[in-house]
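Here the structure is laid out as structure tokens; the discussion comes afterwards.
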Amino acid sequence: MATLKVEIVTPEAALWVGEASSLIARSSDGEFTILPQHTSTVGDIVPGVVRVQTGEGELAFAVHGGYFQVGPEGSEGVTLATVLAGVAERTSDIDVSRAQTAKERAEAAIAHEGRGESGESAAHAEATAELERAELRLRAATK
Amino acid sequence: MAGGQERILRRRIKSVQATRKITKAMELIAASQIARSQARIAANRPYRDGMKRVIIEAAQGDPAAAKKLLETPDKVATAVVLVITGDRGLSGAYNSSALRAGERLVKRLRDEGTTVRLFAVGKKAAGFFRFRGLEVEESFVGFADRPSFADARTVAGVIAAPYVAGDVQQVLLVSTRFRSAGSQVVDIEQLLPLSVPDVVVDQAPAGLKGYTEFEPEVEQLLTYLAPRALESEIFSALLEGAASFHTSQQRAMAAATDNADDLGQSLTRIMNRARQDSITTEIMEIVGGAEALRSRK
């Protein structure tokens, strides 16, 4: 039997490891689905929601950018799909009110920055990244 | 008088015991931190291994592009050296062995005619190198005990910047590797260009070679991937450094506690002898006094 093993890992911990029927994510080339027996692939993942279909239903993860690798695993018929993300979380673990405050804070920081002279400062980049993360969290959690 | 000496000894014993309490507490704290930091190393492993696999796969996909990006240049005019140490002392040789190795490396590079730009993690490095006439460009402090991935990202961003700009040709890392609870070794490693083991091409399962798909194409992928791989390498070095720090501190504090025990024991013996001496002297005086009274009769 062909099976798909999915690993969603961050530097701090392996977020989820288990058997799945499919994995849906978006790379810079567009959305893709990984099924068992998928050919070996390496690619990037743009920030967005990664969906994993398992026997017990669908799991969704907010992945803030990363990479994936698909390849055969040691044992026969097992395809291993690894998602490597710097920051990622289960959508069910997202604290909506916290993400909302983070979003407002980041927006305020950007507005404040906008009045200053420096357009592309490190603080600005950080606030923009913060805003993107917060927006993705909200999008993922409310979907 | 003898009684005075006894009092001094009593005071010293008290102070030794107070110190022992502190070292014992530090030992226990360090021991609990060892377990935690080891767990963090274990939790980081899947990511680290996955990152390595992706790099290896990408490097195999387009060896020419990989070579351009990953090969060490023949001549290194300027190199960045990053030394990872702890923020606190009282940890045996942990800080000093990494710092010494860093100093030796800088010296060797200079002898080869390479300009060195020095960066460090940990409070101890700046002072150490300044004393030896080497300026640390930037010290990252405050997270050596418990590094987060965001910290690794900050460090990676700063040290990669001159490499990306083309000002330096090589980035080297001096850090303590946590081999096991009993063995931590200071190691020098090349961070940039990324080091991909040469054997990887042979390791690929036959028949699979060249059949991997890439989105987007390899060259672009490698360019994006390099900074992520650097972050991952630095993060695991920070985690291993933290674990080594705690292990080293636990060992140092256990030795200090034992020492305090020994010292307390020998001081107690000296004190008892002093007390006994003073008692003997007193008895002798009383007996002598009584003798004198009797003989006067």
Side-chain angles (χ1 to χ4, degrees), chain A residues 5-18 25-35 37-47 63-76 78-89 121-123 125-126 129-130 133, chain B residues 39-62 146-154 156-158 161 204-205 207-218 220-236 238-239:
Chain A
K5 194 178 153 198
V6 172
E7 282 181 343
I8 298 193
V9 294
T10 70
E12 309 267 2
L15 208 56
W16 190 78
V17 179
R26 186 184 281 278
S27 85
S28 52
D29 282 359
E31 197 164 78
F32 62 90
T33 304
I34 308 280
L35 296 169
Q37 299 282 342
H38 193 283
T39 180
S40 297
T41 310
V42 171
D44 61 349
I45 289 182
V46 294
V63 173
H64 304 270
Y67 295 88
F68 73 93
Q69 191 217 357
V70 182
E73 216 202 14
S75 42
E76 197 60 37
V78 179
T79 310
L80 176 69
T82 310
V83 173
L84 300 164
V87 183
E89 62 254 304
S121 66
E126 200 152 298
E130 184 66 43
R133 280 200 293 274
Chain B
R40 294 191 70 196
I41 293 178
N44 171 244
R45 199 157 293 138
Y47 184 83
R48 191 182 174 186
D49 293 348
M51 200 44 112
K52 274 202 186 114
R53 280 207 308 272
V54 169
I55 294 271
I56 288 169
E57 199 123 351
Q60 281 169 355
D62 189 349
R146 274 176 127 203
S148 77
F149 188 62
D151 299 325
R153 203 171 253 183
T154 314
V158 172
L208 281 172
K209 226 180 287 173
Y211 283 100
T212 304
E213 281 179 12
F214 296 98
E215 345 179 351
E217 70 267 38
V218 185
Q220 203 183 348
L221 194 66
L222 273 174
T223 326
Y224 291 142
L225 209 47
R228 299 290 92 74
L230 176 69
E231 286 163 8
S232 168
E233 277 304 308
I234 290 179
F235 187 53
S236 48
L238 285 174
L239 287 180

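What you see is a predicted model, and the numbers here were worked out from it, not measured in a lab. Below, read A as the first sequence line, B as the second, and so on, with proteins coming before strands; counting in each chain starts at 1.
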Is chain B contacted by the side chain of Thr82(A), its backbone, both, or neither, given a heavy-atom distance below 4.5 Å?
side chain
Might you confirm whether atom CZ of Arg53(B) has over 12 heavy atoms from other residues, nucleotides or ligands at distances under 6.0 Å?
yes
Partner set under side chain to side chain contact (heavy atoms under 4.5 Å, CB included) for Arg228(B), not counting sequence neighbours:
Tyr67(A), Met51(B), Glu231(B)
What distance do Phe149(B) atom CZ and Thr10(A) atom OG1 have between them, rounded to the nearest 0.5 Å?
8.5 Å
Residues at least two apart in sequence or cross-chain that pass side chain to side chain donor-acceptor pair (under 3.5 Å) with Ser148(B), listed by chain then number, are Asp151(B)
With a 4.5 angstrom heavy-atom cut-off, which part of Leu80(A) approaches chain B: side chain, backbone, both or neither?
side chain
Considering only heavy atoms and a distance below 4.5 Å, find which of Gly43(A), Ser27(A), Gly30(A) pairs most often with chain B.
Gly43(A)
If we only count heavy atoms from C-beta on, is the Phe235(B) to Glu12(A) side-chain gap below 4.5 Å?
yes
Region of Arg48(B) in contact with chain A, defined by heavy-atom distances below 4.5 Å
neither
Pairs of heavy atoms under 4.5 Å with chain B: top-ranked of Ser28(A), Gly86(A), Ala14(A):
Gly86(A)
Leu221(B) and Val42(A): which non-hydrogen atoms are nearest, and at how many Å?
CD2-CG1, 3.5 Å
What are the two closest non-hydrogen atoms of Val9(A) and Pro46(B), and how far apart are they?
CG1-CB, 3.7 Å
With a cut-off of 6.0 Å (strictly less than), are more than 12 heavy atoms of other residues, nucleotides or ligands near OH of Tyr224(B)?
no
